[in-house]
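Down below is the structure, laid out as structure tokens.
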Protein chains: 2
Amino acid sequence: MARRSAEESRAAAQRLALESAGACLLFRVRALSRTLTGIYDEALRPLALKPTQMNVMTAVAARGEGRLSEVADMIALEPSSLSRIVDVMRRNGWVETVPDPEDERARLVRLTASGAALYAEAMPRWRKAQARARELLGEEGAQELTALANASLSRRAP
Amino acid sequence: MARRSAEESRAAAQRLALESAGACLLFRVRALSRTLTGIYDEALRPLALKPTQMNVMTAVAARGEGRLSEVADMIALEPSSLSRIVDVMRRNGWVETVPDPEDERARLVRLTASGAALYAEAMPRWRKAQARARELLGEEGAQELTALANASLSRRAP
DNA sequence: GGAAATCTATTGCATATGCATACAAATGCA
DNA sequence: TGCATTTGTATGCATATGCAATAGATTTCC
């Protein structure tokens with residue numbers, strides 16, 4: 001079989017690409033994620049709070065005081081990712097971690113007073129962003145997205 | 001007004017958090033995005049090809065030869081992000097960039113022969129991942145997601 | 001024709017994430 | 001009891017992204 005020229009290879013790739021372009025579900029969900037991230041990020045920017053950090057704060061605040069691994073489970077994030085996100089939040093003085101008296105390996109994380117205050121300040125902004133996102137997706141779209149994510153989230157733990 | 005103790009602040013934050021936990025659309029779409037990313041990433045891992053790179057390859061392959069800014073528009077990515085993604089792909093020998101003869105500022109990007117070959121090899125794997133993703137979301141869910149992302153993508157350019 | 005605005009790409013800075021590894025602590029089982 | 005396994009975190013390594021600022025080229029508009 002003769003070696004293909006670069007032009008021939010590219011032409012073949014182009015046929016494949018045209019067939020699949022725009023169909024990729026991952027591409028779509030990522031584009032959507034970037035768009036929504038921009039909406040929330042813009043709303044939270046005056047507080048220097050990132051969307052991810054807001055999500056972590058919500059989980060930590062709702063939990064009251066919990067292990068890192070518990071929080072990671074709540075938000076379906078890898079422990080290694082959460083570990084570093086919490087690092088930043090700790091540097092910012094928004095959360096503090098203390099050793100878990102029941103397990104020397106574990107650390108409990110909770111909001112500091114300053115973190116709780118920031119969270120209270122962030123909520124109205126989050127609500128605005130949420131409203132904008134809902135407007136972009138449409139009421140039905142928002143519900144569909146929620147349902148889709150639920151399916152994905154509940155599929156954890158075999 | 002008396003200063004709140006950290007406990008009081010946390011309790012207030014907890015009330016706010018419980019009210020909103022699980023409702024955040026951004027959190028949902030991100031969790032979904034991470035899940036799908038994992039599916040495609042696993043399928044492409046034997047080729048050392050990342051999902052994002054696959055998306056870029058598809059756009060570049062479909063375009064044939066185009067400016068970075070055109071490709072960035074196609075996939076709704078910031079030029080600065082694309083610039084670095086293309087860097088990596090160039091280092092890997094999958095794409096090459098040449099100056100645009102019609103505009104000294106611009107650079108044209110295209111697949112190399114090696115990149116086109118890799119792309120051809122990646123497509124069956126992509127199809128498998130796509131099938132798994134479709135299975136996870138359900139046929140309807142996949143269509144809804146596509147529609148949602150379309151709304152987000154088409155909202156570009158005022 | 002030339003200054004000002006615009007466009008194209010890149011880089012600095014900061015986060016976000018995942019996988020593989022490393023380690024320490026806790027648990028289970030022989 | 002003692003060792004193997006599991007579990008909870010943290011780190012190394014690599015990529016992914018966005019915003020702001022920059023450099024250079026082009027276009028626009030006096």
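Chain letters run A, B, ... following the sequence lines, proteins first and then strands; every chain starts at 1. All values derive from a computational prediction rather than experimental measurement.
At least one side-chain nitrogen or oxygen of A:Arg107 sits closer than 4.0 Å to the OP1 or OP2 atom of D:dA10. A close approach under 4.0 Å does occur between a side-chain nitrogen or oxygen of A:Arg30 and OP1 or OP2 of D:dT17. Proximity of A:Ser80 to the phosphate of C:dA20: no side-chain N or O atom is located under 4.0 Å from OP1 or OP2. Dashed line: the shortest gap from a side-chain N or O of A:Ser83 to OP1 or OP2 of D:dT9 is not under 4.0 Å. Applying the 4.0 Å criterion to OP1 and OP2 of D:dT7, one finds that A:Ser69 has every side-chain N and O outside that range. Under 4.0 angstrom from either OP1 or OP2 of C:dC23 there lies no side-chain N or O belonging to A:Arg105.
Nearest to the side-chain atoms of A:Arg67 among the listed nucleotides C:dG18, D:dT9, D:dT17 stands D:dT9. In this structure, of C:dA25, D:dT11, C:dC19, it is C:dA25 that holds the atom nearest to the side chain of A:Asp103.
Distance CG (B:Leu68) to C1' (C:dT10): 10 Å, rounded to an integer number of Å. A straight line from OH of A:Tyr40 to C1' of C:dT15 spans 19 Å, rounded to a whole angstrom. What separates CZ of B:Arg84 from P of C:dA16 is a distance of 16 Å, to the nearest Å. Regarding B:Asp41, its CG atom lies at a distance of 20 Å from the P atom of C:dA16, rounded to whole Å. For the pair B:Gln53 CD and D:dA16 C1', the computed distance is 10 Å after rounding to whole Å. Here the P atom of nucleotide D:dT7 and the CD atom of A:Glu104 are 19 Å apart, to the nearest Å. Nucleotide D:dT15 holds its C1' atom 11 Å from the CH2 atom of B:Trp94, rounded to whole Å. Atoms CG (B:Leu77) and C1' (C:dT8) sit 15 Å apart, rounded to a whole Å.
A donor-acceptor contact closer than 3.5 angstrom links the side chains of B:Thr52 and A:Arg30.
No more than 12 heavy atoms of other residues, nucleotides or ligands sit less than 6.0 Å from atom CD of A:Glu140.
Mapping A:Arg45 and A:Pro79 onto DNA chain D by nearest heavy atom places A:Pro79 at the nucleotide closer to the 5' end. Mapped onto DNA chain C by nearest heavy atom, A:Ile85 and B:Gly38 fall at different nucleotides, with A:Ile85 at the one closer to the 5' end. Nearer to the 5' terminus of DNA chain D, by closest-nucleotide assignment, is the contact made by B:Arg91 (compared with the other of B:Arg91 and A:Thr37).
Judged purely by atom type and a 3.5 angstrom limit, A:Glu70 uses its side chain to pair as donor or acceptor with the backbone of A:Arg67. Looking at B:Ser33, its side chain never comes within 3.5 Å of a backbone N or O of B:Val29 through a donor-acceptor pair. Between the side chain of A:Ser81 and the main chain of A:Leu77, no donor-acceptor pair closer than 3.5 Å is present.
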